[in-house]
Asks: 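The structure's right below; bear with me while I get my questions together.
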Amino acid sequence: MAGALIGETFLSASIHVMCDKIGSGEFLDLFRGKKHDRSLMEKLKLTLLTLHAVLNDAEKKQIVNPVVGSWLDELKHAVFDAEDLLDEIDAEALHLKVEAEYQTKKTQVWNFLSTSLNPFYHGMNGRIQELFQRLEHLAKQINLLGLIGGVKGKISRRTPTTFLVENEFCPYGRDGDKDKLKTKLLSDYSSSSHVSVIPILGMGGVGKTTLAQVLYNDEKIKEHFDVTAWACVSEDFDAMRVTKTLIESISSKPCSLQDSLLQVDLREQVRGKKFLFVLDDLWNDNYSDWDLVRAPFTYGARGSKVIVTTRNKSVASLVHTVPIHYLKHLSDEDCWLLLAKHAFRNENPNANPDLEEIGKEIARKCNGLPLAAKALGGLLGCNVDYEEWSHILNNNLWEILHDKGVLPSLRLSYYYLPTYLKQCFAYFSIFPKDYEFEKENIIQLWMALGLIPQAESGKGLEEVGEKYFDELLSRSLLQRSLIGKSSFTMHDLINDLAMSMSREFCFRLDEGQPHEVPKRVRHLSYMRGRFDTAAKFKPLDEIKCLRTLFPMSLRPYEEWNVTYLSIKVLEDLLPALKCLRVLSLSRYKNITQIPDNIGKHLHLRYIDLSYTAIIRLPDTMCTLYNLHTLLLFGCSSLVELPADMRKLINLRHLDIDGTCVKEMPVQMGRLKSLRTLTAFVLGNSTGSGGIGELGQLSHLRGKFSILNLQNVVNPIDALGANLKDKKDLNEVELAWGREDANDSITERHVLEGLQPSVNLVKLTIRFYGGTSFPDWLGDFSFSNIQVMRLTDCSTCLWLPPVGRLPVLKELYIERMKSVMSIGVEFYRGNGASLIQPFQSLKKLEFKEMPEWEEWLPCPGRGQSLDFPRLEELTLEKCPKLRGNLPDHLPCLRKLSVSDCEVLHERATRARWIPWSLIVNTESLIQSLEELQIVKCPGLSWLLETESLSSLSKLEIQFFSRRECLRPHLSNCLQDLTLYNCASLLSFPRNGLPTSLTYLKIENCRRLEFLSHEMMAKLASLRDLELWDSCYSLRSFPLGFFPKLSTLDIWGSKNLESLSIGEGADDENLTHLNYLSITKCPNLVSFPHGGLPTPKLAFLAVSGNENLKLLPDRIHTLTGLRDLWIGQLPNVESFAEGGLPPNLQSFQIYDCEKLKPSVENWGLQRIVSLRTVLIWRSEVVLETLLKEQLLPITLHILEIWDMKNLKSLEGKGLQHLTSLQELKIFNCVSLKFLPKDGLPASLSFLSITDCPSLEKRCQKKTGQEWSKLAHIPCIEIGDQVII
């Protein structure tokens, strides 16, 4: 019955559309002269209208009468089939229309194709007759079921305004919870753990996430913590995904690090800082998984907090370090207040006193759950009427709709949705919980499925879809993501509701779940795996009516995270799915081409091939006349589009961003429906579309680039592009080719003609070859531009007057090779009024300006400032720039100057001139937080001022003519990098600031290392990197830094030992988590008795050619997870006791004398070991395999650079019954795989740069093929077989 409740949802709109199609001119033309077919179509239309008349009555009666529900169910499937049939007819009519436009004798062609010779008609009459009989049979049952026409459906009398409750916390009944938790967060109370974990425990929908969000966004709490981050964990627990989400939340930018480096990066982000993390919706109560996630947290400062929201008490008990906070249900009164807030849209509820009593009765049915109160409030707000509210209160659905897992209040909210919203809402059931979706993409999917009707008002489908989306948002059925600013998500309980409403029609094929796919399912999604083999899609063999095939992932796209799809899906499955409207194959890197038979999928309206390796699209794709959306972004191998793209007359969205398309096909201007066209690439061949074609694309919106503008021959053609009238474009890029301009005057005229709309928000100009910019650039009328980038305009002599742009916030100027001076033309332009320049600018970057010599202040400015709000200033590679920086920057937080050797040269030549006379340091006292000085000796004098009291990060490179660091370092300094300071001999006598958490010293060879006393004072230092520096250091003293967690020593030429000297404290070593000693040729010993580092998780020892022994008692390092050893030619064995017992990853390379043994290694006993990489160590590999020393639990084995290896030992591989991946790289002599084959457990085999073996492993023809044919995914050279 749950599935049947959605019946009227799809039916009403579908029947309307079909009746319109049957009566359309195209249909009538198609059946002209075919009286029988035409008469049958008219009967079909009348039957559909008869069925439509009773839908509202059937929807109500099916709830109490299961027979009506079954009838609706059958009608639903019949209507779907009718849609498919009529869509075929519609597609044929469209085909005739498009093809006729390219014929010389249009009338003759139409008449000819309308004859029975057209194969399209074969069997069509029979199919229409069969469909008519099905529908007529259903219509005959109307009277038997007692269904009547004329019953009014539920309609929304008031379209809700957008009410973004996520941005406004409604504190009804939660003041006490908020205050109690806020007190905990702001007080650095002691707990048993360094970092306090505060669980918020409560049932779904009780408001855990909302409460956590209001605490997270509280200004006082934000000020209390140095770092804040939010991660949605969800049921699909992935420790690395959570870690990555936290990193991205901290940095507000994508993270592309591989999994192995994520925790290291997060550790550095929080090191020594007081942080607040929120882990929302944690389900996993496995201690090992929790321990892995929280490992980097321990590097934060004391007082750091982690809020965990969960429904599971066992999770709360596992993670808590302070008492669990139990979130109870709201009182009925608080439920009413929350419901009223949504129902009356923040208006005073007292204006409707007659509704208060009945509203309170409805609020009692929310069972104290805020989610239910919001959803019901959104429903009631659409009908602020006593009679309607009374009907909702007394509806017997409260008792009937009490399915397990879905609250009746939420189900009722769905029941009262308008029909057009029901069908859109139900489609969300294909998305997994916690999936982040973009509004634009959802609307494109709705359009593809015909869920958005053409508006009579003349609005575009996108505008109608946006209205639908906002209405669902206003009803609290969708919510804004707490992570991505532009993305949205759905509460778990609302997701359950969507699944309940569409179970028979929408299905998620989840791994680990039963794969019983309903035979008549229409929309299917699945979680994208690394290797999606044919077996995964076996449950779809009997599915013939699928409309949506959509892979999903909870992780954002990462280039290194490669996924593969079985080619059988393209060859066998897709041809059978003839009803597809939505097809996504995105992110599969082995997809290089699409079969030609894609052109037979006439129903397709949405195709997503983004981030695939597609090289070309088949020409047959241009026969998909119904196609609305084609997504190709990130297809870096794609170099051309099909020549007949102009035939896709219904195409609305074409995204080719990140492709290598060299030119656009001709007549792209015919695609007048285009809303999205990310790039228009101009070619110089006769088969390329010209810039004038853009003039016909009047509906373009969003982001748009015009590339290769050097191919515009006549500047008048640029005017024809008519950018000025494209008012919905908010981001424009104009780019010429990289080669030098042939005609600077022509390029100037072209840019003049490409003046965009004044609604523009972001503008980029690249490789422009004029000597000056046109007048429109920098004009006051562009009052919406916030970001501008001018790069590689190498012949321009002056910058445009961008200081006049009132809301410009970010300005990037790069490689303007002819600019010598920046002055009044930059601020105001010649003859401009005395307006405040750059009144909104926050970020300014100049990079690679080789001829730039002077930066003049704005003349005649009086008391006004040149850059009153500037927060970040970057100058990079401006070797001739003289003079001074702007002299008053009151808001500057970050200053980075590199490779500007003569800037502030006066300061180095005349040391008696105080810095305060060169730059106004008073303006930097409270503001400057980050300072980078690289190859700019004039600025190094800035360090002599005591004004920089807020400085937290300092990087100095090529710090010349100084033997000692000056003592004027900020007491707030946390991050210090010294690089290439050749003359630097010593640190200040009083040491470094005790606030320091990170210290990196690189290529400072004469610098004397810190004394024991200085080290002991650095109580906050967590990370020390010593690279090719401090050559006087013979023994590194462990145990003097109180909180050191990372020690990385590289290239210390004279270092002989690591030792725990007199005065050191073993307790100080309990924090050490990461230790790397590399390229220290004279290192001979570690501390006697081993490393007293119980928390050490990563150890790398490599390139230390005189080292003979690894650390003693290494087997006692129970916390060690990763061990890398290499280039140790004199090490012969591990110390007694073998390897650490909890290793997860082990790498070994270039250790000629190190031979494995059961006694000294004990690898086979380490059941936690998952990955082993053996590199340039043939003896080690042969011994491990021959003696079967690898643990049977191993998942990944990688073999690299074995120059003389000819064959693999079989026994050592066959016993690895858990092995999933085997990678063999650059083994040039290897020819033979084991005689007995490879482990049956293998899911991936990679053989690259192994020419002999690759030849013998060719599919079907190679001598070794039989040994690997059973493996689901095989990579041989550049070929992927799956």
Side-chain angles (χ1 to χ4, degrees), residues 239-240 259-260 263-264 267 286-296 298 318 1038 1045-1047 1058 1066 1069-1077 1086-1102 1107 1109-1126 1128 1131-1149 1151 1154-1175 1177 1180-1181 1183-1185 1187-1198 1212 1215-1221:
M240 293 303 103
D259 283 359
S260 59
Q263 291 209 310
V264 176
R267 181 188 68 202
N286 182 285
Y287 178 79
S288 297
D289 290 338
W290 168 246
D291 197 44
L292 182 62
V293 167
R294 73 178 184 87
T298 59
L318 169 71
L1038 296 171
S1045 59
T1046 294
L1047 176 59
L1058 274 69
D1066 281 1
L1069 288 172
T1070 60
H1071 302 281
L1072 196 63
N1073 174 269
Y1074 179 103
L1075 176 60
S1076 176
I1077 312 295
F1086 286 93
H1088 180 69
L1091 294 169
T1093 52
K1095 291 186 178 179
L1096 192 66
F1098 179 94
L1099 175 62
V1101 183
S1102 65
L1107 185 68
L1109 293 172
L1110 290 168
D1112 292 340
R1113 297 172 54 79
I1114 196 172
H1115 68 283
T1116 64
L1117 299 177
T1118 56
L1120 199 65
R1121 299 291 185 268
D1122 298 278
L1123 176 61
W1124 297 3
I1125 56 175
L1128 304 175
V1131 172
E1132 296 184 2
S1133 67
F1134 291 107
E1136 187 177 347
L1139 291 169
N1142 296 313
L1143 271 186
Q1144 295 178 359
S1145 171
F1146 178 47
Q1147 294 190 19
I1148 180 170
Y1149 54 98
C1151 295
L1154 190 58
K1155 296 182 180 180
S1157 69
V1158 175
E1159 298 78 14
N1160 290 337
W1161 285 41
L1163 268 176
Q1164 69 276 19
R1165 297 190 297 268
I1166 306 177
V1167 296
S1168 59
L1169 193 62
R1170 293 293 179 267
T1171 302
V1172 170
L1173 190 155
I1174 307 170
W1175 180 15
S1177 300
V1180 170
L1181 175 65
T1183 305
L1184 286 175
L1185 295 183
E1187 302 296 330
Q1188 299 185 22
L1189 298 182
L1190 293 171
I1192 61 173
T1193 53
L1194 193 68
H1195 285 181
I1196 300 173
L1197 175 61
E1198 300 190 31
H1215 90 290
L1216 300 178
T1217 54
S1218 298
L1219 193 67
Q1220 297 174 11
E1221 299 184 24

Asks: Who pairs with Phe1086 by ring-ring contact (aromatic ring centres under 6.0 Å, His included), at least two apart in sequence or on another chain?
Replies: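 So Phe1086 forms no ring-ring contact (aromatic ring centres under 6.0 Å, His included) with any residue.
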
Asks: By side chain to side chain contact (heavy atoms under 4.5 Å, CB included), which residues pair with Leu292, not counting sequence neighbours?
Replies: Ala239, Met240, Gln263

Asks: By side chain to side chain contact (heavy atoms under 4.5 Å, CB included), which residues pair with Pro1092, not counting sequence neighbours?
Replies: Ile1060, Asp1066, Leu1069

Asks: Ignoring hydrogens, what is the shortest heavy-atom contact between Ser1145 and Asp1122? Give both atom names and the distance.
Replies: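 Minimum heavy-atom contact is CB-OD1, 3.1 Å.
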
Asks: What residues, two or more places apart in sequence or in another chain, satisfy side-chain hydrogen bond (donor to acceptor under 3.5 Å, both in side chains) together with Thr1046?
Replies: Arg267, Arg271

Asks: Applying side-chain contact (heavy atoms from CB on, under 4.5 Å) between Val1131 and each of Val1101, Leu1109, Leu1110, report the one that passes.
Replies: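 That would be Leu1110.
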
Asks: Under the side chain to side chain contact (heavy atoms under 4.5 Å, CB included) test, which residues partner Thr1070, sequence neighbours left out?
Replies: Glu1067, Pro1094

Asks: Kindly write out the residues that satisfy side chain to side chain contact (heavy atoms under 4.5 Å, CB included) with Ile1196, not counting sequence neighbours, or none if the list is empty.
Replies: Thr1171, Glu1198, Glu1221

Asks: If the condition is side-chain hydrogen bond (donor to acceptor under 3.5 Å, both in side chains), which residues does Asn286 pass it with, not counting sequence neighbours?
Replies: none

Asks: Any donor-acceptor pair under 3.5 Å linking the side chain of Ser1168 with the backbone of Leu1143?
Replies: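 Answer holds: yes.
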
Asks: Distance check, rounded to the nearest 0.5 Å: Leu1107 atom CG versus Ile1077 atom CD1?
Replies: 10.0 Å

Asks: Taking C-beta and beyond as the side chain, do Ser1218 and Ile1192 meet within less than 4.5 Å on heavy atoms?
Replies: no

Asks: First locate atom CG of Leu1216, then atom CG of Leu1194, and finally report the distance between them rounded to the nearest 0.5 Å.
Replies: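 So the gap between those two atoms works out to 6.0 Å.
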
Asks: Find out whether Val1180 and Trp1161 are in side-chain contact, i.e. whether some heavy atom of one side chain is under 4.5 Å from a heavy atom of the other.
Replies: yes

Asks: Rounded to the nearest 0.5 Å, how far does OG1 of Thr1093 lie from NE2 of His1071?
Replies: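 Here the interatomic distance stands at 12.5 Å.
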
Asks: Specify the closest pair of heavy atoms between Cys1151 and Gly1126, including all atoms of both residues, with the distance to one decimal.
Replies: SG-CA, 3.9 Å

Asks: Nearest 0.5 Å, what's the NE2-CG distance between His1115 and Leu1120?
Replies: 13.0 Å

Asks: Kindly compute the distance separating CD1 (Ile1174) from OH (Tyr1149), expressed to the nearest 0.5 Å.
Replies: 14.0 Å

Asks: Kindly write out the residues that satisfy side-chain hydrogen bond (donor to acceptor under 3.5 Å, both in side chains) with Gln1220, not counting sequence neighbours, or none if the list is empty.
Replies: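 Gln1220 satisfies side-chain hydrogen bond (donor to acceptor under 3.5 Å, both in side chains) with no residue once adjacent residues are dropped.
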
Asks: With side-chain contact (heavy atoms from CB on, under 4.5 Å) as the test, pick out the partner of Pro1156 among Leu1190, Ile1148, Leu1184.
Replies: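 Considering Leu1190, Ile1148, Leu1184, a side-chain contact (heavy atoms from CB on, under 4.5 Å) with Pro1156 is found only for Leu1184.
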
Asks: Main chain of Ile1114, side chain of Thr1116: is a donor-acceptor contact present, judged purely on distance under 3.5 Å?
Replies: no

Asks: Report the residues that fulfil ring-ring contact (aromatic ring centres under 6.0 Å, His included) with Trp1124, sequence neighbours left out, ordered by chain and then residue number.
Replies: Phe1098

Asks: I need the minimum non-hydrogen distance between Pro1141 and Ile1166, along with the two atoms involved.
Replies: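 Taking every non-hydrogen atom into account, O-CG2, 3.5 Å.
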
Asks: Does the pair Leu1091 and Leu1072 meet the rule for a side-chain contact (heavy atoms from CB on, under 4.5 Å), with working shown?
Replies: CA-CA 10 Å; Leu1091 294 169; Leu1072 196 63; over 6 Å; no

Asks: Supply the atom-to-atom distance Ser1102 OG to Ile1125 CD1, rounded to the nearest 0.5 angstrom.
Replies: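 Result: 10.0 Å between the selected atoms.
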
Asks: Looking only at atom types and distance, does a side-chain atom of Asp1112 sit under 3.5 Å from a main-chain N or O of His1088, one as donor and one as acceptor?
Replies: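 No: the side chain of Asp1112 does not pair with the backbone of His1088.
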
Asks: Yes or no on side-chain contact (heavy atoms from CB on, under 4.5 Å) for Thr1193 and Arg1170, after CA distance, side-chain angles and deciding distance?
Replies: CA-CA 7 Å; Thr1193 53; Arg1170 293 293 179 267; 3.9 Å; yes

Asks: If the condition is salt bridge (Lys or Arg N to Asp or Glu O under 4.0 Å), which residues does Asp291 pass it with, not counting sequence neighbours?
Replies: Arg294

Asks: How about Leu1128 and Leu1154: do any of their side-chain heavy atoms sit closer than 4.5 Å?
Replies: no

Asks: So, using side-chain hydrogen bond (donor to acceptor under 3.5 Å, both in side chains) as the criterion, who are the partners of Gln1144 when residues are at least two apart?
Replies: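 By the side-chain hydrogen bond (donor to acceptor under 3.5 Å, both in side chains) rule, Gln1144 matches no residue at all.
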
